[in-house]
Amino acid sequence: MKKYFILLIVSVVAFGSCKSDDTSKIKKSDQEVSAGDELMVDKVEIGEMDLYSITPENESSGIDRAFENAPPLVPHTVVGMVDIKMNDNECLLCHMPNKAKAEDATPIPKSHFIDYRPKITKQGDQWLVDAKENEVVQSTVSDKLENSRFFCNQCHVPQTDATIFLRNTFKPEFRNLSDKSKSDLDEKIGEGVK
């Protein structure tokens with residue numbers, strides 16, 4: 001127990017002494033904070049949260065993906081659509097592939113209908129993964145949405161016009177321009193895995 005307590009103290013002291021290389025300052029709550037460090041200061045006031053989009057789903061237009069195969073952002077209101085429950089997922093009413101075209105919605109990609117989890121077996125008191133190291137395991141494509149993909153808002157988030165104080169220098173590069181608006185993860189999931 002002593003070891004863990006000492007490790008915790010050392011971690012807090014080490015983390016607390018870290019400084020941002022960015023010298024720009026932001027004034028929040030009568031306190032000067034280095035840009036990028038404002039989330040680390042207890043006294044920073046977040047203020048009123050900007051409202052998420054209130055655009056109805058049939059009037060919204062898609063948002064380009066942040067990077068290749070990034071989960072698409074939700075460009076429309078989600079009022080009445082969340083919390084997603086096991087037997088109640090409003091997203092599926094428009095985004096299932098067989099309904100998406102008629103609803104002018106982004107169809108759920110093929111990767112959401114494939115189980116990528118390896119089989120796990122128990123031998124004695126050990127659990128073994130039925131896959132080689134760095135192997136991408138995939139079962140056949142189903143017409144049923146995979147359970148691991150059922151709760152859409154674990155990856156897909158609504159958007160708001162928020163003032164952001166964190167500097168972002170990320171510049172996305174797409175190998176194909178069409179990847180800005182669609183996914184081909186099911187084809188590329190094994191890339192770079194040896």
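In this text, all values refer to a predicted model and were calculated from it rather than measured experimentally. Keep in mind that the numbers below use all heavy atoms, side chains included, and drop hydrogens, waters and symmetry copies.
- Of the inter-residue distances, the one linking Y116 atom OH with Q138 atom CD reads 5.0 Å to the nearest 0.5 angstrom.
- Considering all non-hydrogen atoms of both residues, I108 and H112 come closest at CG2-CB, 3.4 Å.
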Give the C-alpha distance, both sets of side-chain angles, the deciding distance and a yes or no for side-chain contact (heavy atoms from CB on, under 4.5 Å) between L145 and F113. CA-CA 5 Å; L145 187 66; F113 297 89; 4.2 Å; yes
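- For E68, the salt bridge (charged side-chain N to carboxylate O under 4.0 Å, His left out) partners are R175, K188, not counting sequence neighbours.
- Among all heavy-atom pairs drawn from L128 and Q123, the shortest one is CD1-OE1, 3.0 Å.
- Distance check: S111 OG to L185 CG gives 4.5 Å after rounding to the nearest 0.5 Å.
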Evaluate side-chain contact (heavy atoms from CB on, under 4.5 Å) for N153 paired with I84, printing each intermediate quantity in order. CA-CA 8 Å; N153 55 346; I84 294 173; 3.8 Å; yes
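- Side-chain contact between P109 and D186 is absent, with no heavy atoms from C-beta onward closer than 4.5 Å.
- A salt bridge is defined here as a Lys NZ or Arg NE, NH1 or NH2 lying under 4.0 Å from an Asp or Glu carboxylate O, and D179 with K182 meets this definition.
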For S142 and I114, run side-chain contact (heavy atoms from CB on, under 4.5 Å): C-alpha distance rounded to whole Å, both residues' side-chain angles, the deciding distance at 0.1 Å, then the answer. CA-CA 6 Å; S142 168; I114 300 172; over 6 Å; no
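- Within a 6.0 Å radius of CD in E191, more than 12 heavy atoms belonging to other residues, nucleotides or ligands are found.
- Side chain to side chain, N58 and D104 fail the donor-acceptor criterion of an N or O pair below 3.5 Å.
- Criterion: ILVMFWY side-chain heavy atoms under 4.5 Å apart, direct or through other members. Under it, V82 and L73 are not part of a common hydrophobic cluster.
- Distance CG/N176 to OG/S181: 11.0 Å, rounded to 0.5 Å.
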Identify each donor-acceptor pair in which a side-chain atom of residues 87-100 lies under 3.5 Å from a protein atom, sequence neighbours left out, and give them as a table.
| unit_1 | atom_1 | unit_2 | atom_2 | d |
| --- | --- | --- | --- | --- |
| N89 | OD1 | C91 | N | 3.0 |
| N89 | ND2 | F150 | O | 2.7 |
| H95 | ND1 | T106 | O | 2.6 |

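- Hydrophobic clustering places I189 together with V141 (ILVMFWY residues linked when any side-chain heavy atoms are closer than 4.5 Å, directly or through intermediates).
- Ion pairing between R117 and E146 holds under the 4.0 Å rule for side-chain N and carboxylate O.
- Here E103 contributes atom CD and K101 contributes atom NZ; the two are 13.5 Å apart, rounded to the nearest 0.5 Å.
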Applying side-chain contact (heavy atoms from CB on, under 4.5 Å), run through N69 and D184 and close with a yes or a no. CA-CA 7 Å; N69 284 309; D184 59 359; 3.1 Å; yes
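- For the pair V78 and P158, the tightest heavy-atom approach, listed with the atom from each and the gap, is CG2-CG, 4.1 Å.
- For the atom pair CG of D115 and OG of S148, the computed distance is 6.5 Å after rounding to the nearest 0.5 Å.
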Listing, residues 59-67 side-chain donor-acceptor contacts under 3.5 Å, not counting sequence neighbours, or none:
| unit_1 | atom_1 | unit_2 | atom_2 | d |
| --- | --- | --- | --- | --- |
| S60 | OG | E57 | O | 3.2 |
| R65 | NH1 | A70 | O | 2.6 |

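- Among all heavy-atom pairs drawn from Q154 and R149, the shortest one is NE2-CA, 4.3 Å.
- The main-chain N or O of V74 is never found under 3.5 Å from a side-chain atom of H156 such that the two would form a donor-acceptor pair.
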